[in-house]
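In what follows, a structure is listed as structure tokens, so that the remarks can point back to it.
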Amino acid sequence: MKTFNELNIEANVLDALAKMGFETTTPIQAQAIPTALEGKDLIGQAQTGTGKTTAFGVPMIQKIDPENKDVQGIVIAPTRELAIQVGEELNRIGHNKGVKTVPIYGGQDITRQIKALKRRPQLITATPGRLLDHIRRRTIKLQNIETVVLDEADEMLNMGFIEDIEAILAEMPQKHQTLLFSATMPKRIQLLAEKFMNQPEIVRVKSKQLTVDHIDQYYYDVKENQKFDVLCRSLDIESPDLAIIFGRTKKRVDEVVEGLLKRGYSAEGIHGDIPQVKREKVIKRFKDQATDILVATDVAARGLDISGVTHVYNFDLPQDPESYVHRIGRTGRAGKKGSAYTFVTPREMDHLKTIEKLTKRQIEKQSFPTYKDVMEGLQEGAIEELKQTVWAHEGDNYREAAKRLLSEEDAVDVVASAIKLLAKEPSQTPVNLTSVEPLRVKRVKGGGQQNNRGGRGGNQNRRGGGGGGRRRRNNQKQDGGNRRNNRNKNQ
DNA sequence: AAAAAAC
């Protein structure tokens with residue numbers, strides 16, 4: 001494993017990386033940084049969560065002349081949140097060098113962006129449409145662009161941005177370096193590379209490194225109308241620190257949020273019809289752990305890097321098997337462990353098999369969570385919470401109160417009552433979801449998938465038995481109605 | 001058919 005020190009990175013960038021806690025490189029970084037530093041065009045076939053942003057950010061920033069106040073680099077990303085996030089990371093990497101990055105995306109007041117651009121950032125991270133808008137308004141000038149990065153190129157293709165991308169690339173007046181990152185390399189992206197790139201070097205992260213080894217994957221075999229109750233039970237048993245729940249449609253997301261709120265969970269939703277300002281607030285609250293549960297469409301499936309996400313739920317199977325990998329990649333980040341639970345209705349079982357083939361991992365069937373499981377889980381959690389507070393009361397006057405109580409009541413009864421008080425019965429408020437969208441799967445001819453993953457097929461069945469209930473509960477509910485709204489952060 | 005994205 002290589003460290004950043006070995007890669008000819010200039011001191012102040014290296015220093016910034018160290019401050020960010022980055023020492024050893026990921027495979028894509030080790031391969032892409034030296035190539036990009038040589039000034040070569042590069043195609044990086046790598047997925048989200050592999051350290052891509054640093055892989056292109058370091059060479060991009062190293063190349064910048066901080067005395068020059070023109071825009072010297074542009075990153076194009078498929079979603080607004082991603083543009084924001086990449087911008088934040090570039091700002092950190094470029095901080096010591098005095099390199100400024102401004103995110104440019106739709107849904108935000110354009111005069112505000114023009115003001116930010118007047119402060120002369122050297123880097124811009126953008127979504128395609130708004131970037132094009134600025135280019136045509138001449139509020140972003142391209143004459144000194146040195147580097148262009150296309151992030152998640154295949155996703156931009158899927159979302160129909162390819163014409164915008166081509167229009168942007170065609171506007172570039174002079175020679176520049178182009179770095180293209182894509183999880184898959186469909187024909188259309190290859191053509192784009194041929195047209196706009198100059199003898200690109202191809203860097204591939206091996207298939208095995210693409211898979212998500214530290215994420216435990218499970219599925220629940222459910223009927224459509226059981227999903228919501230199973231979700232709540234699973235949340236009660238698992239007690240995630242932070243969870244993301246993916247739904248298939250915007251309406252679906254709204255309904256799940258509403259249902260969760262009705263039952264006392266702390267949840268917020270995000271999708272493309274939510275006003276941009278609210279979207280950013282929702283993400284911020286979730287990052288700050290002020291909200292425990294984020295319910296989302298695939299707008300949040302790619303690239304979002306939120307630390308502390310312990311659980312991902314696929315409330316609905318994703319249409320596109322690729323999307324499954326991206327969704328579950330929101331957990332288990334930075335080497336931490338994560339769990340992914342997928343709800344599968346009987347007619348969707350074939351689709352699940354397709355996903356298993358793609359990820360080369362078996363997704364383990366999880367037994368239906370019973371009410372008894374939930375109560376056991378809640379009780380265990382309550383016991384855990386009690387245990388954590390036991391020593392805290394040493395020597396204070398609560399001990400005296402406890403002695404008085406124990407002189408009157410049976411000790412076991414007292415503790416049992418305490419557990420019962422803490423292990424609040426889950427809300428049974430009826431919730432009825434109406435937005436059942438049947439899954440439509442593209443028919444694929446003769447197995448000719450367009451995903452050239454370069455690996456063998458077949459499952460690598462890595463975990464045999466141990467199908468039973470595993471439970472880890474850390475945080476516990478507080479009192480009454482807003483039990484999930486207050487979090488017990490201190491151990 | 002849905003999702004995302006420029007006004």
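What's counted below: heavy atoms across the whole structure, side chains too, no hydrogens, waters or symmetry copies. Per chain, numbering begins at 1; letters A, B, ... match sequence-line order.
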So which nucleotide from [options] ends up closest to the side chain of [X]?
{"X": "A/Gln319", "options": "B/dA4, B/dA1, B/dA6", "value": "B/dA1"}
{"X": "A/Arg279", "options": "B/dA3, B/dA5, B/dA6", "value": "B/dA5"}
{"X": "A/Thr249", "options": "B/dA6, B/dA4, B/dA3", "value": "B/dA3"}
{"X": "A/Lys250", "options": "B/dA3, B/dA6, B/dA5", "value": "B/dA3"}

Between [atom2] on [N] and [atom1] on [X], what's the gap in Å once rounded to a whole number?
{"X": "A/His271", "N": "B/dA4", "atom1": "NE2", "atom2": "C1'", "value": "13 Å"}
{"X": "A/Ile162", "N": "B/dA5", "atom1": "CD1", "atom2": "P", "value": "17 Å"}
{"X": "A/Met159", "N": "B/dA6", "atom1": "CE", "atom2": "P", "value": "9 Å"}
{"X": "A/Arg302", "N": "B/dA5", "atom1": "CZ", "atom2": "C1'", "value": "15 Å"}
{"X": "A/Glu81", "N": "B/dA3", "atom1": "CD", "atom2": "C1'", "value": "13 Å"}
{"X": "A/Leu317", "N": "B/dA2", "atom1": "CG", "atom2": "C1'", "value": "15 Å"}
{"X": "A/Asp316", "N": "B/dA3", "atom1": "CG", "atom2": "P", "value": "11 Å"}
{"X": "A/Asp164", "N": "B/dA6", "atom1": "CG", "atom2": "C1'", "value": "8 Å"}

_Is there a side-chain contact between A/Thr79 and the phosphate of B/dA5, meaning an N or O under 4.0 Å from OP1 or OP2?_
no
*For B/dA5, does either OP1 or OP2 sit under 4.0 Å from a side-chain N or O belonging to A/Arg80?*
yes
*Within 45 degrees of the axis of the six-membered ring of A/Phe315 and under 6.0 Å from its centre: does A/Lys227 put its NZ or CZ there?*
yes
*Main-chain N/O of A/Ala290 paired to A/Asp288 side chain as donor or acceptor, under 3.5 Å*: no
*So, for A/Tyr341 and A/Tyr220, is the gap between ring centers shorter than 6.0 Å?*
yes
_Considering every strand and a 4.0 Å limit on heavy-atom distances, what is the contact class for A/Arg137: base, sugar-phosphate, or nothing?_
nothing
*Give the intermediate values and the outcome of side-chain hydrogen bond (donor to acceptor under 3.5 Å, both in side chains) for residues A/Ser323 and A/Asp298.*
CA-CA 8 Å; A/Ser323 178; A/Asp298 276 332; 3.1 Å; yes
_Any side-chain heavy-atom pair of A/Ile43 and A/Glu201 under 4.5 Å_ = no
